[in-house]
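What follows is a set of notes on a single structure, which appears directly below.
Naming: A, B, ... by sequence-line order, numbering from 1 per chain.
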There are 2 protein chains.
Amino acid sequence: MSSVIPKTVNPDLQKERDAASFKTEEFAAWWAGGEEKLKFNRDIRTYLSKDFDLNELGQLWYKAHEDIFEASTKSAIDLAKKLRVLQEERNPGGNDYWPGLFDTPVTWGLIPGGNPFGVMYVMLVNALKAQCTDEQYEEFGSRIEKFQATGTYAQTELGHGTFLRGLEMRADYDPKTDEFVLNTPKITSYKWWPGGLGHSSNHCMVMAQLYIDNKSKGPHMFYVQVRDEETHEPLPGIHIGDIGKKMGFHGVNNGFLGMKNVRIPRTRMLMRHAQVHEGGKYVKSPANVLTYYAMVRTRCVVARNNALMLAAAATISTRYSSVRRQSPINPNEPEPQIIDHVTQQLKLFPEIAASVAYRLAGDYLWQLYDVTLEDINNGKYQRLPELHSLSCALKVLCSADSTSGVERLRLACGGHGYLSASNLCHIYGNATAACTYEGENTVLLLQIGRFLMKSWRASLSGATLAPTVSYLTEVQKNPEFGAWTGSWENLVKAMQYAAANKTRTAFKSLSKRLSVGQTEEEAANHTGIEFTQAAELHGRAFVFGSFVAEVTGPNAKKRSASLNRILELLLELYLVNETLKQLGHLLQFINLTDTDLSQLQDRLEHTLTKLRPEAVAIVDGFDFSDIQLNSALGSYDGNAYERIFDSALKNPLNQKSVPKSFHSYLKPFVKSNI
Amino acid sequence: MSSVIPKTVNPDLQKERDAASFKTEEFAAWWAGGEEKLKFNRDIRTYLSKDFDLNELGQLWYKAHEDIFEASTKSAIDLAKKLRVLQEERNPGGNDYWPGLFDTPVTWGLIPGGNPFGVMYVMLVNALKAQCTDEQYEEFGSRIEKFQATGTYAQTELGHGTFLRGLEMRADYDPKTDEFVLNTPKITSYKWWPGGLGHSSNHCMVMAQLYIDNKSKGPHMFYVQVRDEETHEPLPGIHIGDIGKKMGFHGVNNGFLGMKNVRIPRTRMLMRHAQVHEGGKYVKSPANVLTYYAMVRTRCVVARNNALMLAAAATISTRYSSVRRQSPINPNEPEPQIIDHVTQQLKLFPEIAASVAYRLAGDYLWQLYDVTLEDINNGKYQRLPELHSLSCALKVLCSADSTSGVERLRLACGGHGYLSASNLCHIYGNATAACTYEGENTVLLLQIGRFLMKSWRASLSGATLAPTVSYLTEVQKNPEFGAWTGSWENLVKAMQYAAANKTRTAFKSLSKRLSVGQTEEEAANHTGIEFTQAAELHGRAFVFGSFVAEVTGPNAKKRSASLNRILELLLELYLVNETLKQLGHLLQFINLTDTDLSQLQDRLEHTLTKLRPEAVAIVDGFDFSDIQLNSALGSYDGNAYERIFDSALKNPLNQKSVPKSFHSYLKPFVKSNI
């Protein structure tokens with residue numbers, strides 16, 4: 001059967017594009033960071049995906065686990081080769097294309113099963129740069145950077161994730177041979193989870209407890225070869241493999257690693273900060289604030305990536321909602337596009353707005369990071385705890401909200417959203433992982449909660465707080481909220497006010513528990529629920545503030561009035577909808593009249609109506625290629641039904657008219673009933 | 001390597017079991033519906049799974065889509081055969097074992113990939129019984145019931161789900177041959193989604209638009225053979241296959257079906273209610289209230305099944321939280337079981353309580369259904385709209401809450417919850433489907449909203465409302481909430497009060513829109529968000545009420561004091577936690593003081609503490625077998641790490657030490673960088 005997919009754009013979708021009040025291209029350029037960046041991204045993506053067949057891409061999900069891994073390795077290497085060609089052509093000797101673009105938003109989605117070498121570039125290379133001496137980096141770090149060897153970063157164990165001090169793998173210094181002896185004494189000590197560890201790495205950076213004379217010096221990092229570079233066979237004493245199928249990242253080859261008396265030279269401990277000298281003399285690391293601070297940046301990356309996944313899901317669902325027609329609103333009219341149902345708008349548009357909100361909050365924090373980095377380099381560390389805890393809040397909220405948002409968008413596509421061919425469940429599987437990695441969300445919220453308690457206490461005793469928590473002091477000084485105006489600034493203030501008051505009540509509960517003799521830690525555990533609530537509101541106030549700042553700030557002058565109007569609508573929707581969602585917290589501290597409340601509801605419905613004719617043009621402005629979206633429901637041409645149909649026909653199960661099990665199981669049983 | 005799994009129970013888990021204040025066996029008997037039922041369930045499950053190997057079961061997820069389907073067919077037929085043996089042994093000629101137990105809670109989980117013949121028994125057989133004449137049932141309906149042929153129920157099309165009148169498949173009566181001619185004129189008219197349609201059915205009941213003389217008579221049901229019974233080859237004019245990989249139900253073989261001029265005898269229209277006589281005379285169906293009413297029961301089944309999935313996930317997460325130790329609470333003590341962290345308790349225990357709440361609400365509605373059925377048989381239809389809308393609310397809330405609950409429980413297991421071996425993502429994949437099937441949740445909420453508007457209007461004009469909505473009248477008469485006492489009855493009243501006031505404000509918005517000239521339908525669409533909110537609160541009030549009724553009602557006397565105490569704790573937790581979650585709605589209408597609010601928070605924390613030592617014994621009382629849970633994290637012996645380890649070693653990818661792609665892709669690329 002020849003392809004059923006028309007060459008033309010679905011007219012319902014074309015109509016949407018024609019009717020928008022602003023230029024998608026201007027939005028796209030703003031979103032990409034400028035017109036040149038947009039053009040660059042598009043050129044690169046076109047080049048990188050020129051041999052991709054959109055109608056074949058979704059077939060990956062039909063394969064067995066092993067075959068998805070093999071296909072992902074091929075995809076990753078193909079992508080790497082193309083980037084290397086670009087590098088040679090455009091900037092020989094540089095690294096801005098290869099490996100610079102290997103695992104970035106520009107190439108997002110081009111390895112559909114996930115990149116087995118992602119952790120190698122996102123984490124390992126950076127960790128080696130930060131932890132190796134110059135000689136070490138020269139000797140083995142740079143080999144990884146140049147992909148002359150492959151590796152990953154192994155920290156988490158089967159029995160320990162969050163609590164690093166509890167790691168069990170040990171590295172004992174043997175002064176006789178000037179070596180470390182590495183061991184995983186129990187099953188729970190096995191390294192577990194590192195991306196690419198299973199069958200893709202021949203070297204590995206491991207975190208292990210350093211022992212000298214059988215005395216623990218705490219966790220340190222070691223560089224270990226785990227497989228032969230020629231044969232790829234595991235080296236003696238190494239037990240290594242893939243941890244198995246997961247909810248997402250199917251081709252990423254997350255692995256396990258056990259070691260039995262594996263010996264490495266002393267010089268394979270990473271010694272930029274702490275050292276072990278020949279004979280066993282140990283030199284402690286000086287406090288290394290920059291390493292700690294680098295995590296702020298990593299969390300900005302998580303926010304950026306998850307905002308991207310949410311935007312991709314919003315693109316798919318919004319396009320599909322424009323081509324699907326169902327259930328008449330007026331019985332005498334034809335069935336409307338489902339995007340005309342107000343309840344459908346409430347599923348789609350807030351997620352579009354949230355994609356923008358989190359992207360902007362991430363960018364904003366990133367700028368703050370760069371500015372503060374200079375301070376730190378000048379020895380001023382004051383803002384570190386503040387930014388650290390803000391980055392944690394952003395990571396938690398963005399991972400949690402993007403995950404629930406992707407799922408809401410999937411459900412908004414009805415049954416067809418449940419198909420693998422929609423790609424929404426794979427985006428979900430990848431997005432939700434961020435709730436756990438880089439610091440489990442609840443653990444981070446508790447840390448932020450403790451930071452808020454400290455700040456509250458400090459402010460009570462007269463200290464000046466850092467800028468992004470100074471609202472705590474203001475609420476201590478002026479406990480009344482003041483007038484409710486409902487303006488954007490007022491909504492930011494309301495969220496800060498709720499955060500401050502949740503901090504106040506949590507502080508009260510904590511103090512009460514301390515006063516009856518609980519230890520600081522027990523009291524903190526019992527006040528954990530309130531800690532997490534205060535932390536969440538603190539983060540929300542920050543996201544509110546950074547969104548308002550971008551839309552109303554100086555950058556507005558660089559944008560056309562029509563684009564600014566769209567951003568203002570998205571901001572209005574985000575603030576009003578999120579305020580309504582947090583009403584349970586807000587109303588505990590702020591009195592809103594019936595009129596205030598119905599005004600919020602009116603604003604919500606009003607903004608949905610105003611965004612209705614703009615929605616498709618906005619998601620077009622996120623500028624994903626069809627290859628990246630990899631979705632039968634969300635392609636640019638809107639031929640959703642034809643693509644679902646085409647995808648089903650390609651299903652390997654349909655290449656035979658009768659399955660084997662009919663003859664071996666079904667028919668004999670049916671016959672035996674006659 | 002020999003098995004690493006100990007034969008003993010993890011001591012942390014054993015300690016939990018020893019310390020509980022009540023008898024798990026009593027809970028289990030209560031949950032199962034009596035001691036005899038419990039024993040029966042266990043005997044049956046032991047017999048049915050005697051040849052299963054728990055440590056091999058999880059290997060299914062590594063297979064390709066096609067192989068999962070083939071394995072699921074085998075599993076289903078194996079299960080059917082065993083049930084048939086039991087039937088012969090224990091009650092020859094009956095149907096209580098085979099097919100009576102084929103797709104029920106007793107056998108839940110015994111076909112890990114899902115049952116390709118589930119829809120055949122859950123829907124098709126019942127539909128045939130309801131729609132066939134006696135002769136028709138004798139001729140072909142009973143063949144399906146006896147598994148002498150296989151079939152499914154095909155209604156949804158690629159382009160239409162919810163809106164049945166929009167279905168496009170047509171059945172034209174041809175008076176010349178006294179046949180119907182079936183056609184799917186467009187791609188969007190293809191039947192799409194029926195379970196077992198792809199390659200498991202040789203017959204099919206299809207819903208199609210009946211045309212006589214090219215005039216539409218609306219949707220009717222037809223029985224069509226689609227594959228040859230001997231060869232299983234598709235018959236001429238039939239285009240049939242599997243729709244492809246999905247988020248869950250991997251082995252269920254959901255299919256598509258197109259028809260081109262397929263002719264069936266006139267007598268293959270199902271004619272119990274409507275008829276077409278020879279020559280084309282059409283006799284309309286009398287209003288068939290019983291068919292409509294049967295949907296109430298189906299929705300009780302959905303609630304029961306999803307409560308079961310939530311209970312299974314809660315079992316896995318609670319056991320795992322008792323054996324995982326992480327992050328000291330006090331720095332000088334060993335790492336605690338993570339179930340000791342209060343924030344972890346808040347993730348686990350409310351989901352245990354919700355499992356019980358939804359199970360009880362489903363049972364309660366089922367009883368109401370049976371009682372009302374007698375009324376209906378006596379021609380009294382008054383309660384029909386009330387129960388219909390209540391069953392919709394229950395289906396919506398249970399599917400949505402169980403889905404988000406399973407996901408919360410998965411995230412509570414940290415990284416390991418992300419493994420397929422945890423089984424949590426598969427439970428999630430199956431649970432979330434219920435948000436869409438049997439009436440998409442938002443569509444149902446809007447229907448309930450319209451029912452609430454009608455009831456509100458009727459009550460305003462003096463009509464007496466049905467019992468479960470009579471609280472609307474009470475609020476109309478006494479608009480003040482009265483005293484907040486926080487008692488269970490008071491919390492039920494508060495939820496009803498919020499539902500009534502949301503109904504009031506939605507009614508006001510609707511009336512305002514009507515008064516400015518919007519049609520009833522336009523006004524309803526624009527008030528959709530408020531409709532759904534009122535509908536949700538209405539459903540929550542019902543779930544609250546049925547939980548209170550069971551725990552405080554006459555059945556309490558049949559239970560021991562220690563079991564009643566546990567049920568009271570679960571009720572307390574459910575009511576308080578859900579009240580706090582709905583505070584945004586409640587505080588709009590009810591004034592709570594700071595003291596009221598902090599009392600609720602205290603009760604929440606207090607109840608978590610009281611449930612802490614009981615949690616493992618409670619989930620044990622849900623009485624799932626290890627085979628059903630199919631989870632490395634949640635087995636009865638608590639040897640989670642060893643089972644995760646064992647499962648990874650069995651991963652097919654680890655059966656070779658070096659993957660193919662190393663030689664074909666990875667090594668050549670690495671070498672080219674040197």
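- For B/E70, the parts lying near chain A are the backbone and the side chain together; criterion is any non-hydrogen pair under 4.5 Å.
- A salt bridge is absent between A/E229 and B/K671; no separation between the charged side-chain nitrogens and carboxylate oxygens falls under 4.0 Å.
- Listed options B/H199, B/K246, B/E66 were ranked by heavy-atom pairs under 4.5 angstrom with chain A; first place goes to B/H199.
- The contact between B/K667 and chain A is made entirely by side chain atoms (from C-beta outward), counting heavy-atom distances below 4.5 Å.
- Neither the backbone nor the side chain of B/T527 comes within contact range of chain A, judged by heavy atoms closer than 4.5 Å.
- Checked by atom type, the side-chain pair B/T432/A/R410 shows a donor-acceptor distance below 3.5 Å.
- For a residue to count as touching a neighbouring chain, one of its non-hydrogen atoms must lie under 4.5 Å from one of that chain's; by this rule B/S657 touches chain A with backbone and side chain alike.
- Of the atoms belonging to B/F531, not a single heavy atom falls under 4.5 Å from chain A.
- Most heavy-atom pairs under 4.5 Å with chain A: of the set B/T188, B/N253, B/L592, B/I240, this distinction falls to B/T188.
- Side-chain N/O atoms of B/D242 and A/N651 include a donor and acceptor closer than 3.5 Å.
- Side chain to side chain, B/N673 and A/R84 meet the donor-acceptor criterion of an N or O pair below 3.5 Å.
- Neither the backbone nor the side chain of B/L445 comes within contact range of chain A; no heavy atoms are under 4.5 Å apart.
- Both the backbone and the side chain of B/F147 come within less than 4.5 Å of a heavy atom of chain A.
- Contacts of A/L419 with chain B are made by both backbone and side-chain atoms, with heavy-atom separations under 4.5 Å.
- Separation of atoms CG (B/N441) and OG1 (A/T343) is listed at 12.0 Å; rounding is to 0.5 Å.
- No side-chain heavy atom of A/I243 sits less than 4.5 Å from a side-chain heavy atom of B/F645.
- Residues A/Y418 and B/G429 come closest through the heavy atom pair OH-O, 2.5 Å.
- For the residue pair B/W193 and A/H416, a side-chain donor N or O sits within less than 3.5 Å of a side-chain acceptor on the partner.
- Within the 4.5 Å cutoff, side-chain heavy atoms of A/E522 are placed close to those of B/N330.
- Both the backbone and the side chain of B/P652 come within contact range of chain A, each with at least one heavy atom under 4.5 Å from a heavy atom of that chain.
- Of the two parts of B/T162, the backbone and the side chain both hold a non-hydrogen atom closer than 4.5 Å to a non-hydrogen atom of chain A.
- Note on B/E440 versus A/K347: salt bridge recorded, some NZ/NE/NH1/NH2 to OD/OE distance being below 4.0 Å.
- Only the side chain of B/L608 comes within contact range of chain A, with heavy atoms under 4.5 Å apart.
- With a 4.5 angstrom heavy-atom cutoff, A/P659 touches chain B via backbone and side-chain atoms both.
- Comparing B/K63, B/H526, B/K146, B/E335 by heavy-atom pairs within less than 4.5 Å of chain A, the highest count is held by B/E335.
- Both the backbone and the side chain of B/S327 come within contact range of chain A, judged by heavy atoms closer than 4.5 Å.
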